[in-house]
Protein chains: 2
Amino acid sequence: MSRPTLEKVAARAGVSRATVSRVVNGSTTVAEHIRVAVQRAVEELGYVPNQAARSLVTQRADSIALVFSEPPVRVFSDDPTFAGIIRGVSAEADAADKQVVLMLAGSTRGHERVERYTTSGHVDGVIVASMHGADPLPAALARRGIPVVCSGRPLTGSSLPYVDIDNVGGAESAVRRLLEAGRRRIATVAGPPDMVAGIDRLTGYRNALRDSGRRSIIAIGDFTRDSGYEGMTQLLDDDPGLDAVFAASDMMALGALRALRKAGRRVPDDVAVIGYDDVPAAPYADPPLTTIRQPTMRMGRELVRLLLNPGESSVILPTELVVRESA
Amino acid sequence: MSRPTLEKVAARAGVSRATVSRVVNGSTTVAEHIRVAVQRAVEELGYVPNQAARSLVTQRADSIALVFSEPPVRVFSDDPTFAGIIRGVSAEADAADKQVVLMLAGSTRGHERVERYTTSGHVDGVIVASMHGADPLPAALARRGIPVVCSGRPLTGSSLPYVDIDNVGGAESAVRRLLEAGRRRIATVAGPPDMVAGIDRLTGYRNALRDSGRRSIIAIGDFTRDSGYEGMTQLLDDDPGLDAVFAASDMMALGALRALRKAGRRVPDDVAVIGYDDVPAAPYADPPLTTIRQPTMRMGRELVRLLLNPGESSVILPTELVVRESA
DNA sequence: ATGCTGGCTGAGAGCGCTCTCACAAGGAGA
DNA sequence: TCTCCTTGTGAGAGCGCTCTCAGCCAGCAT
């Protein structure tokens, strides 16, 4: 009833352990008839190599960890960024014959768990996504000698390789569109100041406005729908004459839409709205939301590529403006 | 630069491998001063046990797999069911000091990968969630001798332990509410007929209607927003006089809301709508959606409990009607 | 003094695999 | 015919750990 071992297969095929190992691992230096015999034995016994034993000698685990430094709630909410990254990572890891182990490190306790798990030889490398502030995790792992790449430019000033999306450029293009449409008082509901995405999108907004000599009008949110609602309400309070708003996430844009409706403003007639992320709900918003789409799946793929090819340097992926009706 | 081994720690602390092992694993039969000395050595060297070596001898991996038999797109969409399960599983596994390995087995290839991974000794047990039709995976794993529990009653007629939510009862209570509110022609947009949730919720709808002697009006969807829109449109076509609809998922309810608006029906005045799942967007719908909430997090916890305590029998969790404005 | 516990510690086997190295054939070249 | 490769196969060490067992040294009863 116990799982068959290499030895059992070898006995059945009438060869040595070494030969079975060779066949299982696809060595070419095995005579055809023996290979066939071994494969039949493997089949008949339902043999699957014991990964622990294999890892013990090869010092490889053939799997990589994808850790989210974030409470699970957010990871699995409407944000398509995570879904895209996960899909991209899965696809690329698959191609490289690596397993993906997803870990959530929401709490401090989680951090410690992740550190133990990854340093105990379970994985060959780690992708750290969705960091807040100056997350010490990636650097800690790197210090331990574990290959690490970050999803999103790390705020720690470390020289770890990363893959990011051009948040600054994306925000700029959103604001530029607003400018080109003749909007004059363009506000923003910014993201949290402890996340790169929040910081960079605000920078993009400022850049674009500065170039045009216009004044910035800012409220701070945390990427959630409610914070978008509140931010928009506050913005309307601060400057009732605003005629456009750039929300640093679609969820906040959805909240903003609600606040605008409540305030009796028509979108896009009175106030144009642009979001960020292109969430699944964006095309169903009222009115359908103009937004910035990110190549999240490609991001996932690049992360794995980078992890597996330590030589290469960090990459920054471009965004795309998706025009619908809100702006 | 290489990771320190037990041997190194032993040498530094001036004791044997066995003693270090005892300390690391919390044995009580170690003299206090020796324990302290060993712990200091562990600390100084930054020793972390090699999990592969440990697994090799203990035959345990101290981790469990949570596999979703579903394309990642759906797993990480607005559906809070998955998020809840993941959180519950994480929490309970944490308490039992087990790691959770998340795997997506969307494709056939994925199935095979999961089977290989789980049978190769990487995990001590598997939780299979979100199965379609008569998924052969759980039974296949069980046959291999791997502990398996299913999230949702398996359609295979196998006797595998499972945790499910009372879909029938939930649907019944939704329809009953509609009945009690005096609605007379109650339609449903059902879920896919190859998933337990789809089947059982339809059964619940039928049960409740049968008891009241009313006729059923049915359209089939696949839990997505678009299918809800189409289903509702078709329903309106079939029976323009309907005055209520039970959608087997909130996303479909959202689509239905849109179709109703387009057809000029007011909700809830002309047509009452009840959804299922209580997605994050439900309270923000127009009007806010009355729906059935499921104890998803608890489901996750129960899954782990069941996996870790093989004696216990399958459980079915109750649902809760959340009344908002759509019905 | 002798024998017996009982509490701690160390020696050593072995988990299932990979990989190096030695070695057996068989063919080519001298 | 003998040597020298070349090609394919097996023997065996060892990866880092756990766990059984034997051994040692009190301390106590006899």
Side-chain angles (χ1 to χ4, degrees), chain A residues 1-39 41-42 45-63 97 116-117 119-124 145, chain B residues 1-39 41-42 45-63 116-117 119-124 144-145:
Chain A
M1 192 57 235
S2 74
R3 277 169 41 203
T5 68
L6 250 201
E7 196 103 28
K8 294 249 179 58
V9 177
R12 176 160 197 130
V15 297
S16 73
R17 262 200 339 267
T19 300
V20 178
S21 176
R22 275 189 271 263
V23 172
V24 169
N25 294 294
S27 162
T28 50
T29 67
V30 178
E32 182 64 14
H33 71 281
I34 288 203
R35 230 195 55 228
V36 172
V38 170
Q39 270 164 350
V42 165
L45 262 36
Y47 171 74
V48 177
N50 180 321
Q51 189 56 44
R54 181 179 272 176
S55 289
L56 186 55
V57 26
T58 59
Q59 305 284 27
R60 285 178 294 103
D62 289 326
S63 50
D97 248 307
R116 278 186 63 83
Y117 186 81
T119 54
S120 76
H122 258 123
V123 296
D124 301 326
Chain B
M1 193 56 239
S2 75
R3 276 170 41 203
T5 69
L6 251 202
E7 196 103 30
K8 295 250 178 58
V9 177
R12 176 161 200 128
V15 296
S16 74
R17 260 199 343 268
T19 299
V20 177
S21 176
R22 275 189 271 263
V23 173
V24 170
N25 292 294
S27 163
T28 50
T29 68
V30 177
E32 181 63 17
H33 72 281
I34 289 202
R35 231 196 53 228
V36 172
V38 170
Q39 270 164 350
V42 166
L45 260 36
Y47 171 73
V48 176
N50 180 322
Q51 188 56 43
R54 180 178 273 177
S55 289
L56 185 55
V57 26
T58 59
Q59 304 284 27
R60 284 179 295 102
D62 289 326
S63 52
R116 278 186 63 82
Y117 186 81
T119 54
S120 75
H122 258 123
V123 296
D124 302 325
R144 289 253 190 200

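Model, not experiment: these values are computed from the prediction.
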Considering non-hydrogen atoms only, spot the tightest contact between [X] and [Y] and give its length.
X	Y	value
A/Ala52	B/Leu56	CB-N, 3.9 Å
A/Ala13	A/Ala37	CB-O, 4.2 Å
B/Thr5	B/Tyr47	C-CE1, 3.6 Å
B/Leu6	B/Arg17	CD1-O, 3.9 Å
B/Ala61	B/Asp124	N-OD1, 2.7 Å

*Do any N or O atoms from the side chain of A/Thr58 and from the backbone of A/Arg54 form a donor-acceptor pair under 3.5 angstrom?*
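Here the side-chain-to-backbone pair exists.
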*Using the C1' atoms of the five pairs at each end, what is the angle between the end axes of the helix from C/dA1-D/dT30 to C/dA30-D/dT1, to 10°?*
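Taking the rotation axis at each end, their angle is 60°.
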*Going 5' to 3' along nucleotides 16-27 of chain C, which nucleotides have protein heavy atoms under 4.0 Å from the base (write B), which only from the sugar-phosphate (write S), and which from neither (write -)?*
BBBB--------
*At under 4.0 Å, does any side-chain N or O of B/Thr19 touch on OP1 or OP2 of C/dG10?*
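Yes, such a contact exists.
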*Hey, what do you get for OG1 (A/Thr19) to CD1 (A/Ile34), rounding to the nearest 0.5 Å?*
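CD1 of A/Ile34 is found 6.0 Å from OG1 of A/Thr19.
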*Would you mind reporting whether B/Glu7 and B/Ser16 have side-chain heavy atoms less than 4.5 Å apart?*
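Side-chain contact under 4.5 Å: no.
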*asked:* Distance check needed: C/dC15 P versus A/Lys8 NZ, whole Å only.
replied: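 Atom-to-atom, A/Lys8 to C/dC15, this comes out as 10 Å.
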